[in-house]
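Numbered from 1 within each chain, the chains take letters A, B, ... in sequence-line order. FYI, side chains are in, hydrogens and waters are out, and symmetry mates aren't considered; it's all heavy atoms of this structure.
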There are 2 protein chains.
Amino acid sequence: MTADPDRAAQAALAALSSTRVAQTSSTAERVADALREQVVEGRLLPGVRLGEPAFCEAMRVSRNTLREAFSQLVAERILVREAHRGVFVATPGVTDVHDVYRSRRIVEPAAVRHGERARDEAAIARVRDAVDEGRSAAAAEDWAGVADANQHFHRALVSLAGSTRLDQQMDLLLAEMRLAFHRVGTHRDFHEPYLERNDAVAALVEQGELEKAALEVADYLADAEARIVASLTGAGP
Amino acid sequence: MTADPDRAAQAALAALSSTRVAQTSSTAERVADALREQVVEGRLLPGVRLGEPAFCEAMRVSRNTLREAFSQLVAERILVREAHRGVFVATPGVTDVHDVYRSRRIVEPAAVRHGERARDEAAIARVRDAVDEGRSAAAAEDWAGVADANQHFHRALVSLAGSTRLDQQMDLLLAEMRLAFHRVGTHRDFHEPYLERNDAVAALVEQGELEKAALEVADYLADAEARIVASLTGAGP
DNA sequence: ACGTGTCGGATCGTTGAACGACGTGTGGTG
DNA sequence: CACCACACGTCGTTCAACGATCCGACACGT
């Protein structure tokens with residue numbers, strides 16, 4: 001058969017249109033990404049004020065675009081804006097932690113138990129990958145890496161549901177919890193105990209024991225919440 | 001005992017600090033609310049373009065504040081923005097409907113089954129209220145009212161989880177589905193059959209039969225998705 | 001000395017205008 | 001009929017400016 005250029009071109013166009021190009025334009029979005037990274041990396045600690053003039057000059061953007069980036073991060077609950085006082089890095093309290101974990105205890109076990117991709121090899125592989133990522137980070141004593149891996153693990157769990165919108169919601173919740181972690185202190189001995197539990201959950205999912213896996217996840221989350229709340233109330237300034 | 005003014009004042013202060021003041025300011029937010037209402041009410045149909053100059057003049061706000069409102073609604077998936085072409089009312093496709101219902105099939109049954117408020121009288125009362133609201137709207141042949149009540153019903157179901165963040169996420173999903181409804185046509189015979197199913201779910205929840213209620217909700221959602229998809233693919237222009 | 005009222009500085013919220021960049025449609029040409 | 005160039009409209013971004021509001025400091029009266 002002849003290579004039909006027309007048809008080939010159409011196929012290429014279709015492929016491109018489906019694989020949305022990064023579209024990383026929109027300076028406001030890039031500014032938001034940069035700020036979010038600064039926050040989750042811990043370089044901008046909870047409670048600090050983000051003055052508009054200072055950040056405008058520091059990031060070489062106009063005040064309006066900075067405000068647009070701020071608005072996005074406020075919607076993500078990473079920043080909070082107080083009228084006529086400025087925007088601040090959010091400081092999640094015990095109320096917020098409770099609320100987030102109530103949400104996670106609903107979503108994560110259900111995604112494991114009833115997710116449409118809960119028996120999909122590729123989706124399960126991502127769970128296993130996150131576990132491995134955590135183990136190697138721990139072996140290298142890279143505790144920030146362990147925290148990252150833990151986040152990837154829970155995101156992989158939710159992705160078993162196969163819903164983009166649920167994945168995005170979980171990203172927001174996880175980013176918010178990173179803020180709470182910064183308040184409880186360094187993550188050295190906090191994330192370590194969960195390496196084994198992650199492994200156990202992954203193994204159950206791989207074996208198709210979804211009900212047991214879901215129960216383990218629920219127990220896991222209840223325990224994690226209790227520990228965070230304890231750290232938050234015990235180490236209050 | 002004497003009325004201790006000091007202690008009374010302290011109690012009042014504590015009460016005030018918990019009851020956050022409304023803080024309904026921010027014109028951009030009001031503009032976003034107005035636009036969102038126009039969209040979900042069906043006065044702005046999916047696909048129409050929202051030119052900035054026209055809406056600036058119509059709503060008597062500056063272009064920057066309008067853009068801020070647009071950004072918020074884009075984040076809520078009610079509008080979509082195409083670079084250098086403008087913002088449009090979102091037109092959810094079958095892919096979006098699938099994604100939303102995958103999310104709902106995870107969240108809603110789990111909220112009924114494992115929600116912390118699933119045996120809370122006040123929370124259950126809100127479910128029953130939504131059912132009654134739908135019945136009286138149907139009796140008055142107010143089908144838009146029936147659609148509203150249906151939305152309230154599912155929101156009440158999710159609120160059994162007791163998580164503010166989950167409630168907000170569900171509000172976004174429900175608003176997005178209203179857009180899809182506008183594409184399938186008038187809601188007369190679409191929402192009517194679900195009045196009985198809503199009633200059945202509410203009854204099961206009231207009886208504490210949470211497992212049965214969750215299963216019914218899951219089946220309910222699968223059926224609803226199938227009908228929407230059928231309408232969307234069958235009545236394609 | 002303590003609480004109260006007033007004042008000034010600083011910042012935010014909002015506006016209007018401006019310039020460059022990009023997509024779209026039109027019209028001419030082979 | 002297909003293809004290319006050009007002009008037009010719109011968005012993305014920036015800037016300067018004006019009120020509105022909040023915070024801190026100071027002076028005053030009790």
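In this entry the distance linking CD of B:E57 with C1' of C:dG16 reads 14 Å, nearest Å. In this structure, A:L66 atom CG and D:dC15 atom P are separated by 12 Å, rounded to whole Å. Summarising the geometry, the separation between CD on B:E68 and C1' on C:dC12 is reported as 12 Å, rounded to the nearest angstrom. One interatomic measurement links the two molecules: CZ of A:R67 to P of D:dG12, which rounds to 18 Å at whole-angstrom precision. Look at CZ on A:F55: it is 16 Å from C1' on C:dC12, rounded to the nearest Å. Distance NE2 (A:H84) to P (C:dC12): 11 Å, rounded to an integer number of Å. For the pair A:E82 CD and D:dA20 C1', the interatomic distance rounds to 17 Å; values are reported in whole Å.
Between C:dA21, D:dT14, C:dC12, one nucleotide has an atom nearer to the side chain of B:N64 than all others, and that is D:dT14. Nearest to the side-chain atoms of A:T27 among the listed nucleotides D:dG12, C:dT14, D:dT13 stands D:dT13.
Of the possible donor and acceptor atoms, none in the side chain of B:R126 sits under 3.5 Å from a partner among the backbone N and O of B:A156. Not one N or O on the side chain of B:R102 forms a donor-acceptor pair closer than 3.5 Å with the backbone of A:L166.
Comparing A:S62 and B:V87 against DNA chain D, the residue whose closest nucleotide sits nearer the 5' end is B:V87. Place B:R60 and A:R49 on DNA chain C by their nearest nucleotides, and A:R49 ends up nearer the 5' end.
The closest side-chain heavy-atom distance from B:V107 to A:V107 is below 4.5 Å.
The side chain of B:R81 places an N or O atom within less than 4.0 Å of a non-bridging phosphate oxygen (OP1 or OP2) of D:dG12. For C:dT15, one of the phosphate oxygens OP1 or OP2 lies less than 4.0 angstrom from a side-chain nitrogen or oxygen of B:T65. OP1 or OP2 of C:dT24 has at least one side-chain nitrogen or oxygen of B:R85 nearer than 4.0 Å. Here A:R30 does not reach the OP1 or OP2 of D:dT13: none of its side-chain N or O atoms lies under 4.0 Å away.
Salt bridge annotation for B:R105-B:E225: present, with a cationic side-chain nitrogen under 4.0 angstrom from a carboxylate oxygen. Between A:R30 and A:D33 no salt bridge is recorded (no basic side-chain N to carboxylate O distance below 4.0 Å).
Nucleic acid contact class of B:R63 (heavy atoms, under 4.0 Å, all strands): base. Among the atoms of the strands shown, only primed sugar atoms or phosphate atoms (P, OP1, OP2) are found under 4.0 Å from some heavy atom of A:E52.
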